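Side chains included, hydrogens not; waters and symmetry mates left out as well; all remaining heavy atoms used. Model, not experiment: these values are computed from the prediction.
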Amino acid sequence: VLLSGCVSTGRQDPLRTVPQVDLDRYLGRWYVIANIPYILERGKVASYDTYGIRPDGRLQNDFTFRKGSFDAPEQTWKGVAWVHNRTTNAEWRVQFIWPFRVTYLVIDLDPDYRWAVVGHPSRNYLWVLARDRVLAGDTYRGILDRAAAQGYDASQIQLVPQPPQ
């Protein structure tokens, strides 16, 4: 039996961003609830991102964390971000170390801006962010399901320890 059109190339469709991000509503503090950690994030706890507008119109992106335990001193890495797609505001570039920059795609967003999911085109990185240090279980499961529908391996997504509220 010959099935035409069933040959897989192994390539996935590009990630779909949300239709629109209101930057004013997006600014502020976002706790990192879960991620697919890259090497510099491993061992980080109580982490959060803070976004603000810089005088040059770009975004300040500060990543704050503790290394290894909630008792460790808080550290902050200062980065810069800029909106790459001004039609949707859902595609950014982020840079913490020059000349390296990373594509930042808002792929899921609560209508009330209580949580957001940021992806990367490679699907090797993902961040689940929230305004509070915890997410309701059903909300988190829905996020994982939608990430999987976009081609992410949900088993790679790890919770980031956050101190009790």
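Note that CZ of Arg146 is 4.0 Å distant from CG of Asp108, once rounded to the nearest 0.5 Å.
If you chain together hydrophobic residues whose side chains sit under 4.5 Å apart, Tyr104 and Phe96 fall into the same group. Taking hydrophobic clusters as Ile, Leu, Val, Met, Phe, Trp and Tyr residues chained together by side-chain heavy-atom distances below 4.5 Å, Phe63 shares a cluster with Leu27. Both Leu159 and Ile143 sit in one connected hydrophobic cluster of ILVMFWY residues. Membership requires side-chain heavy atoms under 4.5 Å apart, directly or through other members. Connection of Val18 to Tyr125 is established within a shared hydrophobic cluster, with ILVMFWY side chains joined at heavy-atom distances below 4.5 Å, either directly or through further cluster members. Both Tyr31 and Leu144 are assigned to one and the same hydrophobic cluster, defined by single-linkage of ILVMFWY side chains at heavy-atom distances under 4.5 Å.
The two atoms that bring Gly68 and Val45 nearest to each other are C-CG2, 4.3 Å, heavy atoms only.
Taking 4.5 Å as the limit, some side-chain heavy atom of Trp127 sits within range of a side-chain heavy atom of Glu41. Annotation: side chain of Arg123 is in contact with side chain of Leu15 (closest heavy-atom distance under 4.5 Å). Contact of the Asn35 side chain with the Val118 side chain is not registered, since no non-hydrogen atoms from C-beta on lie closer than 4.5 Å. Here the side chains of Leu135 and Val128 are in contact, with some heavy-atom distance below 4.5 Å. When side chains are defined from C-beta on, Gln150 counts as touching Ile107, because their heavy atoms get closer than 4.5 Å. The side-chain heavy atoms of Asn124 and Ile36, taken from C-beta on, include no pair separated by under 4.5 Å. Using a 4.5 Å cut-off on side-chain heavy atoms (C-beta onward), Tyr51 and Trp92 make contact. Side-chain contact between Thr103 and Arg93 is present, with at least one heavy-atom pair separated by less than 4.5 Å.
No side-chain donor from either of Ser69 and Asp71 sits under 3.5 Å from a side-chain acceptor of the other. A donor-acceptor contact under 3.5 angstrom links the side chains of Arg29 and Tyr48, judged on distance only. Side-chain contact of Thr17 with Thr88: a donor-acceptor pair under 3.5 Å is absent, judged by distance alone.
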Using the rule given for ring-ring contact (aromatic ring centres under 6.0 Å, His included), can you reason through Trp77 versus Phe65, listing the C-alpha separation, both sets of side-chain angles and the distance that settles it, and then say yes or no?
CA-CA 9 Å; Trp77 294 340; Phe65 60 92; 4.8 Å; yes
Assess whether side-chain contact (heavy atoms from CB on, under 4.5 Å) is satisfied between Val117 and Leu129, documenting all intermediate values.
CA-CA 6 Å; Val117 180; Leu129 309 174; over 6 Å; no
Any chance you could lay out the side-chain hydrogen bond (donor to acceptor under 3.5 Å, both in side chains) test for Asp62 and Gln60, step after step, and finish with the verdict?
CA-CA 6 Å; Asp62 294 343; Gln60 183 68 37; 2.7 Å; yes
Applying side-chain contact (heavy atoms from CB on, under 4.5 Å), run through Arg66 and Lys44 and close with a yes or a no.
CA-CA 6 Å; Arg66 296 176 190 273; Lys44 307 291 191 287; over 6 Å; no
Going through the distances and angles, do Asn61 and Asp49 end up as a side-chain hydrogen bond (donor to acceptor under 3.5 Å, both in side chains)?
CA-CA 7 Å; Asn61 180 183; Asp49 283 294; 3.2 Å; yes
Would you check, one step at a time, whether the test side-chain contact (heavy atoms from CB on, under 4.5 Å) holds for Val102 with Gln95?
CA-CA 6 Å; Val102 175; Gln95 185 172 55; over 6 Å; no
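Counting heavy-atom neighbours within 6.0 Å of Asp13 CG, excluding the residue itself, gives a total of 12 or less.
Exactly one residue among Leu109, Leu59, Asn89 makes a side-chain contact (heavy atoms from CB on, under 4.5 Å) with Tyr26. That residue is Leu109.
Looking only at distances, no side-chain donor or acceptor of Tyr140 sits under 3.5 Å from a matching main-chain atom of Val134. Between the side chain of Gln162 and the backbone N or O of Ser47 there is at least one donor-acceptor pair closer than 3.5 Å.
Annotation: Trp30 is not in aromatic contact with Tyr113 [ring centroid separation under 6.0 Å not met].
Comment: Arg114 engages Asp132 in a salt bridge, judged by a side-chain N to carboxylate O separation of less than 4.0 angstrom.
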